[in-house]
Structure formats: structure tokens, C-alpha cells
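Below: one structure, written as C-alpha cells.
Below, all heavy atoms of this structure are taken into account, side chains as well, without hydrogens, waters or symmetry copies. Lettering follows sequence order; numbering is per chain, from 1.
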Amino acid sequence: MSFFQASIEVSLRSSVLDPAGEAARSAAQSLGVEGITKLRIGKSIQLEIEAPTEAEARRRVEFLSDRLLSNPVIEDWSLELKNSSLPKAP
Amino acid sequence: MEIGVVVFPGSNCDRDVRWAAEGCLGIKTKFLWHETRDLSGLKAIVLPGGFSYGDYLRCGAIARFSPVLESVVEFVDRGGKVLGICNGFQILTELGLLPGALTRNKDLHFICQDVALNVTSSRTDWLSGYESDLSINLPIAHGEGRFQCNPETLRQLEDEDCIALRYLTNPNGSINDIAGITNKKGNVFGLMPHPERACDPLLGGIDGRSIIQSLIY
């Protein structure tokens, strides 16, 4: 068995209005930070997984991302998976 | 005839539904804990409003995996009637029993107020007690009620006459002012407004009665 660390980014699809992102962009202007033309807020999920192969770990995390971590009707996700030598202590 | 009201950890309108159905309309009502799978003898099921499982991850995302909903999906397949109110509507979309999704209100506010609604389809039992194009008033109370779907789904909803209720003045940015939809078969109805809060004249209006009454049609 090998251990892997996965990082999943979930964001609203570009066609879906992100009012929280718009509010933060407006606050950035109030702070005096100029030039921000786009600001979108998403979620970041970190997990550790034990699996026989990297391909199997990827398959499981992709299934999880599709079925639980995101709602494909309004959200997209991306995944970064890397080998981890030992499971981290909880 | 008896109806079931599902109680998730975090539901907070379950007792309101019971008061509306049993207290105001004399419809026998039973609470169903989210871990039960037994829906025997029930005429209809209500998924009430609230914050099921704290609405962690997304509204309705965790509730979707509760044991009772496996039975609810079978119940719907057999033609049973299911009404999802507010958080219940969010759960129905997460489950895939209704299309689309509900997300943050356009202006980010939690909106708690009465709204005027247009009954856009009285095709199904749910709204057959109203005349088509009638305006009714129901309360809303939500932070994530902005209905979203892709253009193909919207066209399908319109073609199949599944858009049941629309806001007269859109409070949350929902696509095409949608406040409530049914499935094609007509036995599943999800809406963001709270009909159960408009059944007792003491609360200022009874426009929700016909929807609650239709649970036992």
C-alpha cells in the first residue's frame, strides 16, 4: 500500500455568478488595491488516502470529487495528487 | 391517510409542517428520523426546511446520503408524492430527484420576508387548488435560494411545464424567477417558499394551505 496526499479545489463554474467573490472584489477596491478584474471564491479540500497504486488513489478521489465534494451542476473541481511516504499523524 | 415528515439533524421546520398539516388541516402526520428506512403506510413525504447536517459542504450535500432518502427515492419511483420545502428543495436537487441547484442569494443576504408568487403551472396535484396565473403570498427564509441550471435544463423545464412557481419580484437572483419546480411525472415538488408558514390565519395568510392539503390528494 502507498500513501497519497490530495488537494481538491472546488469553484463555482465561470457561468455562475459568485456574489461572495464580487463582494470581496468590491472590498479590495475599498482597501485601495487597484486593478483586480476578477475574484472568485472556492473551497480547498486536503485529504490523505491509502491505496495500492497512484492510479487507484486518483480514481477514488476523482469519484469523491464528482459525487460528494462538488455539485457538477454549478461547480468545477481540479485535483492535485502526490505521493506521501508516510501517513501524517492526525 | 398519513404523511411523513423527515427529521434530519438540523431540520427546524419539521414541527411547523406538522402544525400546518395536522393542527390546521387535520392530516395525520408522523415524524421520520433520518435513519429510518420504513415508509410503509405513508401517502406522502415532506422534506422540511432547516440546515440538515449543518449544511456542511453545500446545502443538502450530506443529507443526500442519509438512509431515509434511499427509501424516499424508491417511494418516488413507485409514484409516491414528495414535497421538499427550502432545505428540502436543496436536498431534492442534490439527490437528483429534481434538476438544477440552489446557491448563494445574489446579494448574499439571508432573506426572511413574504413574497408574491405567480402560479405558473397548475398541471400537477400540488397546485391544482389554485387557478393558473394566480398570485399568492408565501414567506421565504433562505440564504441559498438562487436556482441555477444550464440552458438545456431550463428549456426542458419549460417544455415539460415543470416550472410551478415564479417570483413576481425576484429576491435572490434565481434564473427566470424560478421559486419552485416539479418533476415531469408531477409527484415531486420542490420550492424555496414555506407553504407551511401560511396555513394558520393567525400568521397572516393561508395561501399555503392548498399545497399542504394536496399531500393527501
Practice problem: Examine whether an atom of Glu22(A) lies under 4.5 Å from a heavy atom of chain B, and if so say whether it belongs to the side chain, the backbone or both; otherwise answer neither. | Solution: neither
Quiz item: Quick one: CG on Asn71(A) to OG1 on Thr93(B), what's the gap to the nearest 0.5 Å?
Solution: 6.5 Å
Practice problem: Would you sort out whether Thr153(B) and Asn150(B) count as a side chain to side chain donor-acceptor pair (under 3.5 Å), showing the intermediate values? | Solution: CA-CA 5 Å; Thr153(B) 304; Asn150(B) 62 32; 2.6 Å; yes
Quiz item: Pick from Arg64(B), Glu94(B), Arg146(B): which one has the most heavy-atom pairs with chain A under 4.5 Å?
Solution: Arg146(B)
Quiz item: Arg123(B) side chain to Asp161(B) main-chain N or O, any donor-acceptor pair under 3.5 Å?
Solution: yes
Self-check item: Side-chain (Arg78(B)) to main-chain (Val73(B)) donor-acceptor, under 3.5 angstrom
Solution: no
Practice problem: Please determine, among Cys149(B), Gly100(B), Ala61(B), the option with the most heavy-atom pairs under 4.5 Å with chain A. | Solution: Gly100(B)
